[in-house]
**Q** 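Please see the structure below; I have some questions.
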Amino acid sequence: MNELLARGLLRKMETQLDTPVSYRLPVGNTLVPMNELIGEKLELRHSGVIRCTHCDRRTNKSFGQGFCYPCFTRLARCDSCIFSPQKCHYHKGTCREPEWGEQNCMIEHIVYLANSSGIKVGITRGSQVPFRWMDQGAIQALPVFRVNSRLYSGLVEVVFAQYVSDQTNWRTMLKGAVQGLDLAAERDRLMDLCRKQIEELQQQHGVQAIQAMQDGEVVEIHYPVLQYPLKVSSFNLDKQPHISGRLLGIKGQYLIFDVGVINMRKYGGYDVELFRAAGGASP
């Protein structure tokens with residue numbers, strides 16, 4: 001008989017920077033320690049019920065990784081400037097939720113280089129270091145700038161993005177063939193290429209608002225993976241509400257099964273049951 005591990009609404013996995021990264025999956029009121037389940041055969045069953053992670057309203061479709069449509073169109077955290085921070089419009093007085101913006105956008109942010117599917121530039125709130133890097137499946141990360149707001153981080157990111165990607169190729173990231181990089185050398189190269197534009201931003205917004213982190217150190221990140229997939233195919237709980245397979249590893253917010261992968265962050269608010277299959281442990 002299968003063992004019920006947890007039942008309830010999904011949230012994205014919680015991480016801790018250990019060697020390897022430690023994962024816990026929130027399901028309802030249970031935090032399931034996922035690392036110890038690697039090698040086990042698991043079953044994930046979606047009941048068909050989806051609830052908004054903000055207002056708890058039942059919804060037929062999830063928007064923006066966990067919201068009902070009214071919340072998606074109303075909340076500042078779902079606005080387009082979250083995905084394009086250089087478009088922040090707080091200073092224009094048009095923020096959807098000014099108080100939320102003050103608490104989450106008008107605070108210290110970090111501009112960083114990471115190696116997830118190759119080198120990329122990214123931004124995150126200072127409080128989200130190193131969690132953002134683990135969520136992206138980065139194997140290396142290096143903070144490059146400390147800035148005073150999300151807007152400034154976006155402006156710096158746009159400058160760097162002329163020369164390196166600002167996106168992660170999730171399929172490449174999950175194949176596990178990403179080679180290590182000299183991120184410090186890449187930082188120096190980009191700083192030379194972008195020096196004039198960065199100085200112009202500092203002149204416009206203030207040197208204290210955009211500060212280079214000369215003392216930044218590369219963080220190496222290792223993930224609990226027994227075997228990476230040769231071909232990456234992803235599950236969709238809306239189309240396939242019952243998933244069964246052996247858990248081979250975890251990277252980013254993805255569970256890697258022998259039959260496919262699933263992005264747990266995508267299904268926030270989905271009502272599920274998680275089982276350990278009888279006799280499912282690896283020999």
**Q** For Leu25 and Leu274, work out which heavy atoms get closest and say how close.
**A** CD2-CD2, 4.3 Å

**Q** Search all heavy atoms of Pro33 against all heavy atoms of Glu36 and return the closest pair with its distance.
**A**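 In this case the closest contact between Pro33 and Glu36 is O-CG, 3.3 Å.
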
**Q** Under the 3.5 angstrom rule, does the side chain of Ser84 hit a backbone N or O of Cys81 as a donor-acceptor pair?
**A**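 Side chain of Ser84 to backbone of Cys81: no pair is present.
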
**Q** Side chains of His54 and Arg77: closer than 4.5 Å at any heavy-atom pair?
**A** yes

**Q** What's in the same ILVMFWY side-chain cluster as Tyr69, cut-off under 4.5 Å, chained through other members?
**A**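 Besides Tyr69, the cluster holds Phe63, Phe67, Phe72, Leu75.
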
**Q** Give a yes or no on whether a salt bridge exists between Arg125 and Glu108, defined as a side-chain N under 4.0 angstrom from a carboxylate O.
**A**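 Salt bridge flag = no for Glu108 with Arg125.
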
**Q** Show, in sequence, the C-alpha distance, side-chain angles and deciding distance for Val21 and Gln16, and conclude whether the side chain to side chain contact (heavy atoms under 4.5 Å, CB included) test is met.
**A** CA-CA 6 Å; Val21 174; Gln16 182 174 323; over 6 Å; no

**Q** Can Val111 be reached from Val219 by stepping across I, L, V, M, F, W or Y side chains whose heavy atoms are under 4.5 Å apart?
**A**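 Cluster IDs for Val219 and Val111 differ.
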
**Q** For the atom pair CG (Leu183) and CD (Glu220), what is the distance rounded to the nearest 0.5 Å?
**A** 8.0 Å

**Q** Is Ile123 reachable from Val129 through a run of I, L, V, M, F, W or Y residues, each pair having side-chain heavy atoms under 4.5 Å apart?
**A** no

**Q** Short question: side chain of Gln253, backbone of Met13 - any donor-acceptor pair under 3.5 Å?
**A** yes

**Q** Charged N to carboxylate O under 4.0 angstrom, Glu186 versus Arg189?
**A**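 Salt bridge flag = yes for Arg189 with Glu186.
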
**Q** Using the side-chain contact (heavy atoms from CB on, under 4.5 Å) rule, pick out the option among Arg150, Arg132, His109 that qualifies with Thr124.
**A** Arg132

**Q** Let me confirm one number: the OG-NZ distance from Ser165 to Lys120, rounded to the nearest 0.5 Å.
**A** 7.0 Å

**Q** Given side chain to side chain contact (heavy atoms under 4.5 Å, CB included), test Glu14 with Leu31 step by step and report yes or no.
**A** CA-CA 9 Å; Glu14 297 182 0; Leu31 278 175; 3.7 Å; yes

**Q** Just how far is it from atom CZ of Arg171 to atom CE of Met173, taken to the nearest 0.5 Å?
**A** 11.5 Å

**Q** Walk me through whether Tyr90 and Glu102 qualify under side-chain hydrogen bond (donor to acceptor under 3.5 Å, both in side chains).
**A** CA-CA 9 Å; Tyr90 178 92; Glu102 291 169 7; 2.9 Å; yes

**Q** Can you check whether Ala76's main-chain N or O pairs, donor with acceptor, with Glu97's side chain at less than 3.5 Å?
**A**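 Here the side-chain-to-backbone pair exists.
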
**Q** Taking the side chain as every heavy atom from C-beta outward, state whether Val121 and Phe145 have any atom pair closer than 4.5 Å.
**A** no

**Q** Measure the spacing between CG of Leu113 and CH2 of Trp133 and express it to the nearest 0.5 Å.
**A** 10.0 Å

**Q** With rounding to the nearest 0.5 Å, note down the distance linking CG in Leu10 to NZ in Lys266.
**A**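 Going from the CG atom of Leu10 to the NZ atom of Lys266 covers 13.5 Å.
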
**Q** I want to check something: taking the side chain as every heavy atom from C-beta on, are Glu157 and Tyr112 in contact at a cut-off of under 4.5 Å?
**A**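 Glu157 vs Tyr112: side chains apart.
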
**Q** May I ask you to decide if Gln136's main-chain N or O and Thr168's side chain share a donor-acceptor pair within less than 3.5 Å?
**A** no

**Q** Test your reading of the model: is there a side-chain donor-acceptor pair from Asn35 to the backbone of Ile250, 3.5 Å cut-off?
**A**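 No; zero donor-acceptor contacts below 3.5 Å.
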
**Q** Under 3.5 Å, is there a donor on one side chain and an acceptor on the other for Tyr270 and Asp238?
**A**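 Result is yes, a qualifying pair exists.
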
**Q** Is there a donor-acceptor pair closer than 3.5 Å between any side-chain N or O of Glu40 and the backbone N or O of Ala277?
**A**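 A pair under 3.5 Å: no.
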
**Q** Which atom pair, heavy atoms only, marks the closest approach of Leu44 to Met264?
**A** CD2-CE, 4.2 Å

**Q** For the side chain of Tyr254 and the backbone of Gly137, is there at least one donor-acceptor N/O pair under 3.5 Å apart?
**A** no

**Q** Could you walk me through whether Thr172 and Ser117 pass the side-chain hydrogen bond (donor to acceptor under 3.5 Å, both in side chains) check?
**A** CA-CA 5 Å; Thr172 300; Ser117 56; 5.5 Å; no

**Q** Examine Leu151 and Val144 and state if one hydrophobic cluster contains both, with Ile, Leu, Val, Met, Phe, Trp and Tyr joined whenever side-chain heavy atoms are less than 4.5 Å apart.
**A** yes

**Q** Pro229 versus Ile256: any side-chain heavy-atom pair under 4.5 Å?
**A** yes

**Q** So which of Gln65, Lys12, Arg11 actually passes side-chain contact (heavy atoms from CB on, under 4.5 Å) with Thr53?
**A**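 One option only clears the test, and that one is Arg11.
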
**Q** Has Arg246 got its NZ or CZ under 6.0 Å from the middle of the six-membered ring of Phe257, at an angle within 45 degrees of the ring axis?
**A** no

**Q** Below 4.5 Å, heavy atoms only, C-beta onward: do Leu9 and Val27 meet side chain to side chain?
**A** no

**Q** Any donor and acceptor pair, going by atom type alone, linking the side chain of Arg146 with main-chain N or O of Ile210 inside 3.5 Å?
**A**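 Pair absent, no side-chain N/O of Arg146 close to backbone of Ile210.
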
**Q** Could you check Glu43, Glu273, His46 and say which one makes a side chain to side chain donor-acceptor pair (under 3.5 Å) with His242?
**A**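 Of the listed residues Glu43, Glu273, His46, the side chain to side chain donor-acceptor pair (under 3.5 Å) partner of His242 is Glu43.
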
**Q** Below 4.5 Å, heavy atoms only, C-beta onward: do Leu17 and Phe131 meet side chain to side chain?
**A**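 No, side chains not in contact.
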
**Q** Taking atom CG of Asp79 and atom CZ of Arg74, what is their separation to the nearest 0.5 Å?
**A**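 Nearest 0.5 Å value for the CG-CZ distance: 12.5 Å.
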
**Q** Find out if a path of hydrophobic residues (ILVMFWY) with successive side-chain heavy-atom gaps under 4.5 Å connects Leu174 to Leu237.
**A**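 Yes, one cluster joins them.
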
**Q** Dump the intermediate steps for side chain to side chain contact (heavy atoms under 4.5 Å, CB included) on Leu42 and Ile243, then the final yes or no.
**A** CA-CA 8 Å; Leu42 304 178; Ile243 297 170; over 6 Å; no

**Q** What I'd like to find out is whether the side chain of Phe160 reaches to under 4.5 Å of the side chain of Cys194, using heavy atoms alone.
**A** yes

**Q** Does atom CG of Asp192 have more than 12 heavy-atom neighbours from other groups under 6.0 Å away?
**A**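 Yes.
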
**Q** Taking Ile119 as the starting point, is it possible to reach Trp170 by hopping between hydrophobic residues whose side chains are less than 4.5 Å apart?
**A**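 No, Trp170 and Ile119 fall in different hydrophobic clusters.
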
**Q** Report the C-alpha distance between Gln162 and Gln197 in whole Å, list the side-chain angles of each, state the deciding distance to 0.1 Å, and finish with yes or no for side-chain hydrogen bond (donor to acceptor under 3.5 Å, both in side chains).
**A** CA-CA 11 Å; Gln162 297 173 105; Gln197 290 172 282; 3.0 Å; yes

**Q** Mark yes or no for whether Thr30, through its side chain, and Val32, through its backbone, hold a donor-acceptor pair below 3.5 Å.
**A**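 No.
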
**Q** Is it the case that the side chain of Asn115 and the backbone of Ile139 share a donor-acceptor pair, with hydrogens and angles ignored and the cut-off at 3.5 Å?
**A** no

**Q** Other residues, nucleotides and ligands only: do more than 12 of their heavy atoms fall within 6.0 Å of CD on Glu217?
**A** no

**Q** Could Arg51 and Asp271 be called an ion pair, given the rule that one side-chain N must be under 4.0 Å from one carboxylate O?
**A** no

**Q** How close do Ala278 and Asn2 get, counting heavy atoms only, and between which atoms?
**A** N-OD1, 3.1 Å

**Q** Looking at Gly252 and Tyr23, what are the two nearest heavy atoms and their distance?
**A** O-OH, 2.9 Å

**Q** Can you run down the ring-ring contact (aromatic ring centres under 6.0 Å, His included) pairs that involve residues 203-240, sequence neighbours left out, and say none if there aren't any?
**A** Tyr152-His205

**Q** Would you name the heavy atoms of Cys52 and Cys68 that are closest together and state the gap between them?
**A** SG-N, 3.4 Å

**Q** Look at Arg265 together with Asp135 and state whether they make a salt bridge at an N to O cut-off of under 4.0 Å.
**A** yes

**Q** Run the numbers on Arg45 and Arg7 for side chain to side chain contact (heavy atoms under 4.5 Å, CB included), then give the verdict.
**A** CA-CA 9 Å; Arg45 300 176 186 173; Arg7 175 189 290 122; over 6 Å; no

